[in-house]
Amino acid sequence: DAGITQSPRYKITETGRQVTLMCHQTWSHSYMFWYRQDLGHGLRLIYYSAAADITDKGEVPDGYVVSRSKTENFPLTLESATRSQTSVYFCASTGQGWEQFFGPGTRLTVL
Amino acid sequence: AQSVTQLGSHVSVSEGALVLLRCNYSSSVPPYLFWYVQYPNQGLQLLLKYTSAATLVKGINGFEAEFKKSETSFHLTKPSAHMSDAAEYFCAVTSNTGGFKTIFGAGTRLFVKA
């Protein structure tokens with residue numbers, strides 16, 4: 001499928017477990033982003049990547065790890081999940097026009 | 001440093017009435033400005049964007065926004081609200097200095113009354 005996809009769409013995990021959220025885009029966009037969306041905080045940038053093997057921290061990177069070995073994939077890992085990481089996570093990519101294209105989101109619940 | 005302020009976390013209008021969602025920004029360099037819409041359980045979708053061409057920008061679904069540099073504003077309008085416009089709207093500013101980053105406003109939820 002063309003576009004940007006995220007998996008899983010819903011995930012329930014327990015405190016302390018490692019969780020990986022997947023993001024895949026088919027446009028070969030250079031830039032990719034991970035955001036979390038929480039009531040009262042809007043969208044906050046976790047990490048972003050300018051190209052394969054180039055990543056940088058955003059506003060709220062603590063507790064998260066990213067990698068980008070291929071242009072089309074940008075997985076986000078929660079190394080040891082905490083309840084405060086319960087959120088909706090969005091992946092996005094940017095093309096030449098600078099607008100961002102968002103995935104459908106992953107709703108993560110940490111018990 | 002960039003910032004975006006959306007005035008009003010909730011706006012309620014009657015069907016057929018004017019929609020006005022306010023956005024003010026600050027940016028040390030000429031900005032790229034965007035409005036996105038988010039429907040329940042979906043990701044954000046681009047409504048329109050300003051990239052230093054025409055100051056009045058037309059987007060999808062009858063929305064438009066006007067860039068006013070003197071007021072550092074980029075308000076979103078639609079002449080006649082439709083029930084299907086009920087959603088959350090985000091204003092965003094982007095620059096490519098010191099790394100490509102987009103700052104989003106806190107969002108405005110639009111309610112449309114029948």
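Predicted model only: the values in this text are computed from it and were never measured. Order of the sequence lines sets the chain letters (A, B, ...), proteins ahead of strands, with each chain counted from 1.
Here the closest non-hydrogen pair linking Asn41(B) and Arg9(A) is O-NH2, 3.7 Å.
Criterion: ILVMFWY side-chain heavy atoms under 4.5 Å apart, direct or through other members. Under it, Ile46(A) and Ile103(B) are not part of a common hydrophobic cluster. Note: the hydrophobic cluster containing Leu7(B) does not contain Trp35(B) (ILVMFWY, side chain heavy atoms under 4.5 Å, direct or indirect links). Met32(A) and Leu76(A) fall within the same hydrophobic cluster, defined by Ile, Leu, Val, Met, Phe, Trp and Tyr side-chain heavy atoms under 4.5 Å apart, directly or through other members. Note: the hydrophobic cluster containing Val37(B) also contains Leu48(B) (ILVMFWY, side chain heavy atoms under 4.5 Å, direct or indirect links). Grouping the Ile, Leu, Val, Met, Phe, Trp and Tyr side chains by contacts below 4.5 angstrom, directly or via other members, places Tyr31(A) with Leu46(B).
With sequence neighbours left out, His75(B) forms a ring pair (Phe, Tyr, Trp, His ring centres under 6.0 Å) with no residue at all. Phe90(A) pairs by the ring pair (Phe, Tyr, Trp, His ring centres under 6.0 Å) definition with nothing, not counting sequence neighbours. A search for ring pair (Phe, Tyr, Trp, His ring centres under 6.0 Å) contacts involving Phe33(A) returns Phe100(B), not counting sequence neighbours.
Counting non-hydrogen atoms of neighbouring residues, nucleotides and ligands closer than 6.0 angstrom, the CD1 atom of Ile12(A) reaches no more than 12 such neighbours. Within a 6.0 Å sphere centred on CG of Leu39(A), heavy atoms belonging to other residues, nucleotides or ligands number 12 at most.
Using a 4.5 Å heavy-atom cut-off against chain B, no residue of residues 65-72 of chain A qualifies as contacting.
With a 4.5 Å cut-off on non-hydrogen atoms, Tyr35(A) touches chain B through its side chain but not through its backbone. Using a 4.5 Å cut-off between heavy atoms, Gln37(A) contacts chain B through its side chain alone, with no backbone atom that close. Proximity to chain A is limited to the side chain of Gln38(B), based on heavy atoms less than 4.5 angstrom apart. The contact between Arg107(A) and chain B is made entirely by side chain atoms (from C-beta outward), counting heavy-atom distances below 4.5 Å.
Atom CG of Leu43(A) and atom OG1 of Thr102(B) lie 10.5 Å apart (nearest 0.5 Å).
By the 4.5 Å heavy-atom criterion applied to side chains, Gln100(A) and Leu44(B) are not counted as neighbours.
The aromatic rings of Phe102(A) and Tyr36(B) lie perpendicular to each other, with more than 60° between the two planes, well past the 30° mark.
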